[in-house]
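Each remark here refers to the structure printed beneath this line.
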2 protein chains.
Amino acid sequence: MSHKITIYDIAKKLNITAATVSRALNNNAKISEKTRILVQETAAKMNYKQNKLAQALKSGKSYNVGVIVPRIDSNFFASIIRGIEEELYSQGYHVIICQTYNNEQMEIENINTLLNAQVDGILMSISNVSIEKNASFNRLLAKNIPLLFFDRKKNIEGVSSITVNDFEAGYKATQHLIDEGCKRIAHLSNDRLFEIFKDRFLGYKQALIDNGIQFDENLVIEIKSNIEEGRKATKKLLSMKNPPDAIFSSSDWSALGAVQELKSQGIKIPEECCVVGFSNEPFTEFMELSITSIDQFPLEMGKQAAKVFLEQVNNGAHITTEKKIVLTPKLHIRKSSSRRDALNKK
Amino acid sequence: MSHKITIYDIAKKLNITAATVSRALNNNAKISEKTRILVQETAAKMNYKQNKLAQALKSGKSYNVGVIVPRIDSNFFASIIRGIEEELYSQGYHVIICQTYNNEQMEIENINTLLNAQVDGILMSISNVSIEKNASFNRLLAKNIPLLFFDRKKNIEGVSSITVNDFEAGYKATQHLIDEGCKRIAHLSNDRLFEIFKDRFLGYKQALIDNGIQFDENLVIEIKSNIEEGRKATKKLLSMKNPPDAIFSSSDWSALGAVQELKSQGIKIPEECCVVGFSNEPFTEFMELSITSIDQFPLEMGKQAAKVFLEQVNNGAHITTEKKIVLTPKLHIRKSSSRRDALNKK
DNA sequence: CTGTTAGCGCGTTCAA
DNA sequence: TTGAACGCGCTAACAG
């Protein structure tokens with residue numbers, strides 16, 4: 001194995017000091033143009049690569065940021081990460097991605113690992129409902145490295161967040177269904193200890209109220225965001241004496257489950273029952289029966305998160321003013337809820 | 001900000017030496033049970049966290065491995081990463097994920113960044129067809145840190161790889177279409193400088209030959225793996241005087257594009273044209289018209305890759321014997337190619 | 001403008 | 001069994 005060459009190697013070769021080499025390499029002001037070029041050229045010739053670890057140890061900066069998400073295999077989180085990367089990469093930062101698989105213990109371990117790795121900041125979408133009560137998390141807060149929430153946040157003093165207006169999203173989706181003529185609108189929710197799910201629910205409820213529709217809590221079912229539970233919940237809804245004529249789901253996956261169940265029971269979408277999902281996963285658009293969904297602009301969310309992080313590291317975290325950025329959601333209306341169109345065609 | 005506590009802090013408190021603390025913390029043999037416990041307890045009490053950076057600088061091991069993939073927002077790569085993580089996490093390793101977006105320049109930059117970050121190994125699916133000619137890549141080879149390919153590999157001496165038998169996959173898919181009664185089978189390929197695409201193509205060709213079907217190169221189109229190009233290619237195929245009665249695509253996304261185009265032209269699937277995709281992305285299963293596809297077992301691929309990596313770090317990379325692990329692909333037959341079933345029902 | 005010195009936090013000699 | 005000293009590779013303070 002080729003010996004790892006350091007600034008000392010190139011210093012020796014040039015009969016100068018390691019400090020001078022360092023200055024030359026870092027484009028320090030106090031260095032002659034001549035030696036700077038000389039050093040840089042020989043460094044290149046010798047295939048010198050800076051040891052980031054040593055630099056990090058010295059400077060206290062690792063130029064690594066940690067990103068914690070429930071999982072990466074959804075377009076939503078993958079797009080957020082892409083946004084973060086696109087913004088951070090040019091600034092020399094690198095992203096370490098951690099998945100929690102919605103496991104609270106994993107999330108804590110991830111935090112500890114990232115802290116040990118001396119990351120310069122952590123951007124996360126929390127999986128842990130009561131994270132503010134956790135010791136490791138509080139240790140993270142105590143350090144003054146930038147911490148940022150995106151999508152799934154907690155309201156914690158001094159911690160910035162980038163989210164989408166979930167209340168508005170829930171309201172828009174429900175209003176749309178009402179506009180399409182739906183009277184009994186069910187809602188597939190998720191654990192409402194998470195703000196995002198609570199807000200979607202509240203938006204849904206408010207839209208009903210504003211339109212003079214009685215809120216019926218039997219029409220709200222709390223499930224996990226997957227196909228299977230979407231199917232089961234829908235089956236349950238359809239077995240009611242007075243089944244719904246629309247389903248607004250907090251997740252595209254549950255919405256897909258709803259679509260499958262409705263079809264298997266021979267119920268026409270959107271004529272007999274409309275469906276609206278959430279997150280605008282690509283499949284909602286390209287299915288034969290395309291599914292109406294809410295766009296949360298994940299790419300933008302990631303970019304904004306990265307920008308706030310950069311502001312914080314550059315200003316010094318202690319001067320940080322808490323930022324709460326809220327994006328406006330967009331409803332993409334597709335076949336699964338275009339009831340009036342469908343009825344008019346007949 | 002709370003002062004970062006080091007082994008010196010806890011040494012001072014106990015009136016011992018940092019070296020002793022280090023030994024106690026690392027369960028070194030030469031230490032009394034008494035002090036070991038004492039140290040560990042006070043360490044815990046003081047909320048001591050080892051600085052991985054310093055340890056890494058000292059030991060030359062960062063306990064980070066780099067994973068380079070074209071992109072993470074497909075189930076295929078996300079599952080591979082999950083497999084890698086599941087295997088590595090328990091061994092104390094952490095994964096740094098890099099995306100190339102199929103950009104060769106990005107890939108080179110990623111390699112350099114990971115090397116600077118002093119990763120203990122790199123697991124990659126290459127985006128760069130001629131990577132073996134690249135200087136940074138050769139520098140990587142020259143170091144003796146474990147390097148591993150998965151899925152998209154290059155045959156390089158001493159470099160292990162975990163792949164799926166793409167030839168067999170192409171063969172199986174084509175044989176299946178022939179068994180379903182298809183006579184003119186088109187193939188949506190991709191850049192065949194990549195082994196995976198070349199092998200799928202060769203498997204396709206061989207199956208035709210073995211079944212006495214004339215190979216027609218006009219039926220093979222080289223495109224990128226996305227919906228749009230799948231549609232365009234299909235449009236082109238359909239405009240032939242003698243259009244195909246089946247399409248075997250090297251990608252699920254192109255297969256989806258093919259399905260869309262066929263439908264929009266009113267061609268019945270599978271009766272008039274069968275479609276087979278590749279990678280078994282979740283959507284192939286849950287579409288109304290489910291798409292036949294090849295399972296590459298990405299989770300298993302990731303786990304195997306991680307295991308080989310662990311063997312290499314533990315044995316010392318110099319003793320490395322090159323391993324070429326080849327998984328057996330599985331064809332999932334779905335509606336898009338179940339022509340006999342469809343015809344029998346009439 | 002350049003050299004000297006010191007230290008980031010840790011693990012590992014060599015002595016005691 | 002423990003302490004003292006050193007070095008991993010780099011940068012910053014201080015001199016000159």
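Chain naming here is simple, since letters A, B, ... match the order of the sequence lines and numbering starts at 1 in each. In what follows, every heavy atom counts, from backbone to side chain, and hydrogens, waters and symmetry copies are set aside.
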- Query: Which residues pass the side chain to side chain contact (heavy atoms under 4.5 Å, CB included) test with B:N27, sequence neighbours left out?
  - Reply: B:R36, B:Q40

Taking only residues two or more places apart in sequence, or in another chain, which ones meet [X] in a ring pair (Phe, Tyr, Trp, His ring centres under 6.0 Å)?
X      : value
A:F150 : none
B:Y89  : none
A:Y93  : A:Y63, A:F309
A:F194 : none

Which pairs count as salt bridge (charged side-chain N to carboxylate O under 4.0 Å, His left out) when at least one residue sits in [range], sequence neighbours excluded?
range                       : answer
residues 83-108 of chain A  : A:R82-A:E86, A:E86-A:K303
residues 39-62 of chain A   : none
residues 147-162 of chain B : B:E132-B:K154, B:K153-B:E195

- In residues 30-48 of chain A, which ones come under 4.0 Å of DNA chain D, going by heavy atoms? A:Y48

- Query: When you measure from every atom of DNA chain D, which of residues 52-60 of chain A have a heavy atom less than 4.0 Å away?
  - Reply: A:A54, A:Q55, A:K58

- Cut-off 3.5 Å, side chains only: do B:T17 and B:T20 have a donor facing an acceptor? no

- Message: Quick check on the helix from C:dC1-D:dG16 to C:dA16-D:dT1: what's the angle between its two end axes, five base pairs per end, to the nearest 10°?
- Response: 40°

- Message: Is the phosphate of C:dG11 approached by B:S22 (side-chain N or O, under 4.0 Å from OP1 or OP2)?
- Response: yes

- Item | C:dG11 OP1/OP2 closer than 4.0 Å to side-chain N/O of B:N26 | yes

- Task: Under 4.0 Å from any heavy atom of chain A: name the first and the last nucleotide of DNA chain D that qualifies, 5' to 3'.
- Result: D:dG9 to D:dA13

- Can you check the B:K61 NZ to C:dT12 P distance for me, whole Å? 13 Å

- Rounded to whole Å, the CD-P distance (A:Q118 to C:dC8) equals 14 Å

- Exercise: identify the closest heavy-atom pair between B:I108 and B:S136: CG2-OG, 3.6 Å

- Nearest heavy-atom pair of B:G60 and B:D120: which atoms, and what distance? O-OD1, 4.1 Å

- Output, in order, the C-alpha distance, side-chain angles, deciding distance and verdict of side-chain hydrogen bond (donor to acceptor under 3.5 Å, both in side chains) for A:R139 and B:N47. CA-CA 9 Å; A:R139 217 173 302 135; B:N47 249 327; 3.0 Å; yes

- Please state whether the base of C:dC10 and the side chain of B:Y8 form at least one donor-acceptor pair under 3.5 Å? yes

- Message: Do A:L147 and A:I156 have side chains that approach each other closer than 4.5 Å (heavy atoms only, starting at C-beta)?
- Response: no

